[in-house]
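In listed order, ligands and their atoms are each counted from 1.
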Amino acid sequence: MVKICCIGAGYVGGPTMAVIALKCASVEVAVVDISVPRITAWNSDHLPIYEPGLWDIVKECRGRNLFFSTDVEKHVCEADIVFVSVNTPTKTRGLGAGKAADLTYWESAARMIADVSKSDKIVVEKSTVPVKTAEAIERILTHNSNNGINFQILSNPEFLAEGTAIEDLFMPDRVLIGGRETPGGQKAIQALKDVYAQWVPEDCIIATNLWSAELSKLAANAFLAQRISSVNAMSSLCEATGANVSEVSYAVGKDSRIRPKFLNASVGFGGSCFQKDILNLVYICECNGLPEVAEYWKQVIKINDYQKIRFVSRVVASMFNTVSGKKVAILGFAFKKDTGDTRETPAIDVCKGLLGDKAKLSIYDPQVNEDQIQRDLAMNKFDWDHPLHLQPMSPTGVKQVSVVCDAYTATKDAHAVCILTEWDEFKSLDYNKMYDNMQKPAFIFDGRNVVDADKLREIGFIVYAIGKPLDAWLKDMPAVV
Ligand SMILES: NC(=O)c1ccc[n+]([C@@H]2O[C@H](COP(=O)([O-])OP(=O)(O)OC[C@H]3O[C@@H](n4cnc5c(N)ncnc54)[C@H](O)[C@@H]3O)[C@@H](O)[C@H]2O)c1
Ligand SMILES: O=c1ccn([C@@H]2O[C@H](COP(=O)(O)OP(=O)(O)O[C@H]3O[C@H](CO)[C@@H](O)[C@H](O)[C@H]3O)[C@@H](O)[C@H]2O)c(=O)[nH]1
């Protein structure tokens with residue numbers, strides 16, 4: 001029986017290994033982590049992450065050929081294939097601070113693998129890492145291990161998106177495996193291919209050299225984020241000209257060379273990956289003497305920041321240039337629907353912007369609890385991307401923020417509503433009832449284009465929707481960024 005161990009029981013390690021266990025009955029999978037609460041949660045009825053479809057798989061496989069454990073060394077020692085899916089945060093200090101990837105967790109995992117291994121192993125980079133990381137890992141492994149042990153390094157980046165992780169893992173567009181172009185490297189690629197081939201069609205499994213695989217992951221995220229920044233840049237031009245960004249996206253996406261996905265204008269992209277990976281790419285370009293290329297990708301982040309600032313300015317400007325002391329309801333805090341993940345969610349920057357203007361916020365998200373929101377609003381940039389027990393403790397909660405259990409409580413007596421996540425339930429709220437219980441004039445700022453703006457205008461709301469023709473009210477109160 002092939003034994004797989006995955007170091008890192010997070011958003012990637014957990015679902016990915018659960019699907020491998022489900023699809024490969026002859027493989028034994030152990031997911032290990034240094035975080036005791038995380039492993040305890042994986043072994044309970046309340047998984048540490050919310051992902052549609054995940055619970056059913058864990059229920060079926062846990063205790064059969066899927067195990068969650070804090071005994072990292074034992075499971076690594078026993079494994080034939082070791083996946084490493086630990087955090088690779090953006091560095092906050094020292095060389096490359098604010099851009100470069102911090103490989104502390106990766107390096108400590110690699111040193112531990114070298115220390116405890118007594119047999120040959122395939123070590124798989126699952127985390128997103130800078131191109132050429134495999135070379136560094138190879139050196140750590142070969143210089144620190146007992147003589148005679150053969151390590152083969154593979155790069156097998158993960159392309160799942162949160163909220164759809166299980167479908168993405170069941171039917172991936174591709175599985176990418178990079179390895180050394182040596183007989184040993186090719187044999188390792190084949191061994192990993194054999195695992196995926198149990199459910200992924202062979203023509204979707206791509207084998208490349210190590211550096212292509214590592215770089216393809218950064219490139220894919222940069223391309224995806226660039227599409228969003230492109231449509232968001234267009235959204236501001238739409239507002240200035242009277243064009244409708246949904247119509248523009250539709251028309252542009254009909255071109256068979258462009259295609260329709262990832263062209264939804266929004267208050268900005270969030271999530272743990274896009275910003276981090278593009279900053280990483282920018283740093284790599286700079287280190288390779290390519291400042292023009294670095295500048296090109298930096299612009300994707302700049303437009304994303306601009307979009308969030310622009311949204312806050314629009315809210316404040318429309319409400320007579322001040323939100324001081326006014327109750328503003330925030331509907332949605334997660335970075336996208338169908339996840340409870342708040343890492344780099346645009347809601348953090350929007351809320352901080354409104355709090356900076358002294359608004360009182362009442363926040364509702366179906367999957368995010370008060371503790372998480374208070375931590376997020378108190379945390380410094382990039383501090384979130386560390387194992388839980390190493391994150392700074394949440395200082396006292398932000399006083400002007402309350403977190404409530406439903407949209408109607410959030411909006412009661414509010415002057416304005418900001419929709420920041422596209423949860424389906426926001427489409428079918430009783431907006432008549434909401435309007436009746438709000439201060440007048442009542443504003444809705446739709447950062448996700450989920451509501452029917454015309455219907456809301458009929459009720460009496462003043463509506464702002466990203467990239468859509470502006471109400472007369474908004475035209476008269478232009479936002480200056
Ligand atoms: N979240 C996504 O959708 C996604 C998708 C593709 C790739 N990635 C990449 O995958 C990697 C992991 O991301 P994630 O979202 O799963 O992160 P995560 O924070 O959810 O999980 C990482 C886990 O690794 C554990 N860990 C850190 N160092 C460890 C060590 N030395 N030994 C044992 N456990 C250790 C942490 O405690 C944590 O539970 C990152 O590089 C990320 O960029 C993420
Ligand atoms: O048209 C769109 C599509 C997405 N978004 C936003 O973009 C962010 C990221 O969304 P998405 O890419 O769906 O989720 P992630 O889980 O961040 O997945 C991305 O990042 C992962 C981590 O690297 C990759 O594995 C995935 O392929 C890549 O899609 C979210 O805030 C979305 O709301 C938009 O604003 N407009």
*ligand 1 atoms in contact with C273 (distance to a heavy atom under 4.0 Å)*: 2 (C), 4 (C), 44 (C)
*With a cut-off of 4.0 Å, which atoms of ligand 2 are near a heavy atom of G270?*
8 (C), 9 (C), 30 (C), 31 (O)
*Which residue and non-hydrogen atom of the protein lie closest to atom 30 (C) of ligand 2, and at what distance in Å?*
F335 O, 3.5 Å
_Show the atoms of ligand 2 that are less than 4.0 angstrom away from any heavy atom in S266._
34 (C), 35 (O)
*Would you mind checking which non-hydrogen protein atom is closest to atom 14 (O) of ligand 2, with the distance to 0.1 Å?*
K336 NZ, 3.2 Å
*Give the single entry among N232, L420, I228 that approaches atom 4 (C) of ligand 2 most closely by any heavy atom.*
I228
*In the protein, what heavy atom is nearest to atom 36 (N) of ligand 2, and what distance, to one decimal place, separates them?*
N264 O, 2.9 Å
_For atom 27 (O) of ligand 2, closest protein heavy-atom neighbour_ = F159 O, 2.7 Å
*Residue E162 vicinity, atoms of ligand 2 by number, heavy atom under 4.0 Å*: 16 (O)
_At less than 4.0 angstrom from any non-hydrogen atom of K217, what atoms of ligand 2 do you find?_
22 (C), 23 (O), 24 (C), 25 (O)
*Please verify whether a non-hydrogen atom of T128 lies at under 4.0 Å from ligand 2.*
no
*asked:* For the residue pair K126 / N156, report whether a side-chain donor-acceptor contact shorter than 3.5 Å exists.
replied: yes
*Aromatic ring pairing F443/F445, orientation class (parallel under 30°, perpendicular over 60°, tilted between)*: parallel
*Could you establish whether K337 and ligand 2 come within less than 4.0 Å of each other, counting only heavy atoms on the residue side?*
no
*Which ligand 1 atoms are under 4.0 Å away from a heavy-atom of G10?*
16 (O), 18 (P), 20 (O), 21 (O)
*Could you tell me which atoms of ligand 1, counted from 1 in the order shown, lie closer than 4.0 angstrom to a heavy atom of S272?*
1 (N)
*Work out whether the distance between some heavy atom of R448 and some atom of ligand 2 is less than 4.0 Å.*
yes
*Can you tell me which residue and heavy atom of the protein come closest to atom 25 (O) of ligand 2, and the distance to 0.1 Å?*
L160 O, 2.7 Å
_For the 3.5 Å polar cut-off, considering only N or O atoms, please tell me whether K126 and ligand 1 meet it._
no
*Give a yes-or-no answer on whether the side chains of S212 and N209 include a donor-acceptor pair shorter than 3.5 Å.*
yes
*asked:* Pairing donors with acceptors under 3.5 angstrom, does anything connect the side chains of Y306 and Q299?
replied: no
*For N221, atoms of ligand 2 separated by under 4.0 Å from a heavy atom*: 20 (O), 22 (C), 23 (O), 24 (C), 28 (C)
_What protein heavy atom lies closest to atom 12 (O) of ligand 2? Include the residue and the distance to one decimal._
F262 CZ, 3.1 Å
_I want to know if ligand 1 touches T128 in the polar sense, i.e. an N/O pair below 3.5 angstrom._
yes
